[in-house]
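Only this structure's heavy atoms are used, side chains among them; waters, hydrogens and symmetry mates stay out. Computed from a predicted model, the values in this text were never measured in an experiment. Along the sequence shown, residues carry numbers from 1.
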Amino acid sequence: QVRLVESGGGSVQAGGSLRLSCAASGVTPRSSCMGWFRQAPGKEREGVANIDTGGTTRYVDSVKGRFTISKDNAKNTLYLQMNNLKPEDTAMYYCAARYESFCGNLSGANFRLWGRGTQVAVSS
């Protein structure tokens with residue numbers, strides 16, 4: 001069964017924190033570039049962060065210093081620690097796998113496996 005399942009979303013006030021998890025099956029962070037994406041109402045999907053098989057990370061400017069992407073290869077799990085959340089972070093967050101070892105940039109064009117998403121709502 002090839003799938004990605006996100007969890008950890010919820011509602012939080014501005015300045016709060018959430019930790020998203022992505023449980024992987026059939027693909028592993030050990031062998032694939034993994035990324036987090038989000039889509040807010042009325043907006044296009046945005047690449048938030050990704051991590052390649054070697055551990056190199058990349059973040060969209062708006063979350064640098066606030067979000068941290070990480071992985072646990074033994075648990076086949078990807079994480080996104082989100083601190084100092086802002087209302088602008090409100091979106092559906094998706095985990096995705098690219099299969100290639102290197103991420104290169106934040107584009108989601110080459111990501112072929114996507115999770116169902118987990119909702120994050122940040123209030124003022």
Side-chain angles (χ1 to χ4, degrees):
Q1 186 177 21
V2 180
R3 66 175 183 174
L4 300 173
V5 181
E6 303 95 334
S7 62
S11 299
V12 64
Q13 290 186 255
S17 299
L18 287 172
R19 189 192 194 199
L20 306 184
S21 297
C22 171
S25 179
V27 61
T28 68
R30 185 189 300 274
S31 61
S32 173
C33 162
M34 304 292 295
W36 286 100
F37 299 82
R38 65 186 180 187
Q39 187 165 24
K43 297 183 179 180
E44 295 186 353
R45 182 187 64 199
E46 175 185 42
V48 177
N50 59 38
I51 182 167
D52 66 21
T53 58
T56 300
T57 59
R58 184 179 294 272
Y59 301 90
V60 67
D61 287 346
S62 62
V63 309
K64 288 181 178 178
R66 299 189 298 119
F67 290 12
T68 302
I69 187 171
S70 63
K71 60 180 180 177
D72 187 329
N73 289 335
K75 295 181 178 179
N76 292 326
T77 302
L78 181 74
Y79 304 98
L80 184 67
Q81 179 67 47
M82 305 185 293
N83 297 326
N84 191 25
L85 283 160
K86 303 176 180 180
E88 308 93 90
D89 296 317
T90 295
M92 185 72 75
Y93 283 71
Y94 300 91
C95 171
R98 177 169 174 163
Y99 294 113
E100 292 94 345
S101 297
F102 304 104
C103 297
N105 55 50
L106 291 171
S107 173
N110 293 318
F111 285 77
R112 295 290 177 259
L113 179 64
W114 295 80
R116 298 170 297 176
T118 185
Q119 184 71 52
V120 172
V122 185
S123 60
S124 302

Is it possible for you to say whether [X] and [Y] belong to one hydrophobic cluster, with membership spreading through side-chain heavy-atom contacts below 4.5 Å?
X	Y	value
L113	L78	yes
I69	L85	yes
F37	I51	no

_Backbone N/O of V122 and side chain of Q13: donor-acceptor pair under 3.5 Å_ = no
*asked:* Please check this pair: side chain of S25 against backbone of R3, looking for a donor-acceptor N/O pair closer than 3.5 Å.
replied: no
_Check against side chain to side chain contact (heavy atoms under 4.5 Å, CB included), V120 and L20_ = CA-CA 9 Å; V120 172; L20 306 184; 4.1 Å; yes
*Stepwise, does the side chain to side chain contact (heavy atoms under 4.5 Å, CB included) test hold for R19 with Y79?*
CA-CA 7 Å; R19 189 192 194 199; Y79 304 98; 3.6 Å; yes
*Hey, what's the ring geometry for W114 with Y94, parallel, tilted or perpendicular (30° and 60° as the breaks)?*
perpendicular
_Identified side-chain contact (heavy atoms from CB on, under 4.5 Å) partner of Y59 from the options V48, L106, T68_ = T68
_Please identify which of these residues, T118, L80, V5, L4, meets the side-chain contact (heavy atoms from CB on, under 4.5 Å) condition with C22._
L4
From [X] [atom1] over to [Y] [atom2], what is the distance, rounded to the nearest 0.5 angstrom?
X	Y	atom1	atom2	value
T53	R98	OG1	CZ	11.5 Å
K75	T28	NZ	OG1	16.0 Å
N50	R58	CG	CZ	7.0 Å
Q81	R66	CD	CZ	12.0 Å

*Can D89 and K86 be said to form a salt bridge (Lys or Arg N to Asp or Glu O under 4.0 Å), step by step?*
CA-CA 5 Å; D89 296 317; K86 303 176 180 180; over 6 Å; no
For [X] and [Y], work out which heavy atoms get closest and say how close.
X	Y	answer
S101	S31	OG-O, 4.5 Å
N73	R30	OD1-N, 3.4 Å
S17	N83	OG-OD1, 2.9 Å
A97	S32	CB-OG, 3.8 Å

*Heavy atoms, side chains only, cut-off 4.5 Å: are E100 and C33 in contact?*
no
*Do Y93 and M82 touch side chain to side chain, with heavy atoms closer than 4.5 Å?*
yes
*Run the ring-centre check on Y99 versus F111 and record whether the distance is less than 6.0 Å.*
no
*asked:* Check for me whether the distance between the ring centres of W36 and F67 falls short of 6.0 Å.
replied: no
_I'd like to know whether M34 forms a side chain to side chain contact (heavy atoms under 4.5 Å, CB included) with C95, so could you lay out the CA-CA distance, the side-chain angles of the two residues, the decisive distance to 0.1 Å, and finally the verdict._
CA-CA 7 Å; M34 304 292 295; C95 171; 4.0 Å; yes
*Just grab all the salt bridge (charged side-chain N to carboxylate O under 4.0 Å, His left out) pairs involving residues 42-56, residues at least two apart or on different chains.*
R38-E46
*Does the side chain of T77 come under 3.5 Å of the side chain of D72 through a donor N or O and an acceptor N or O?*
no
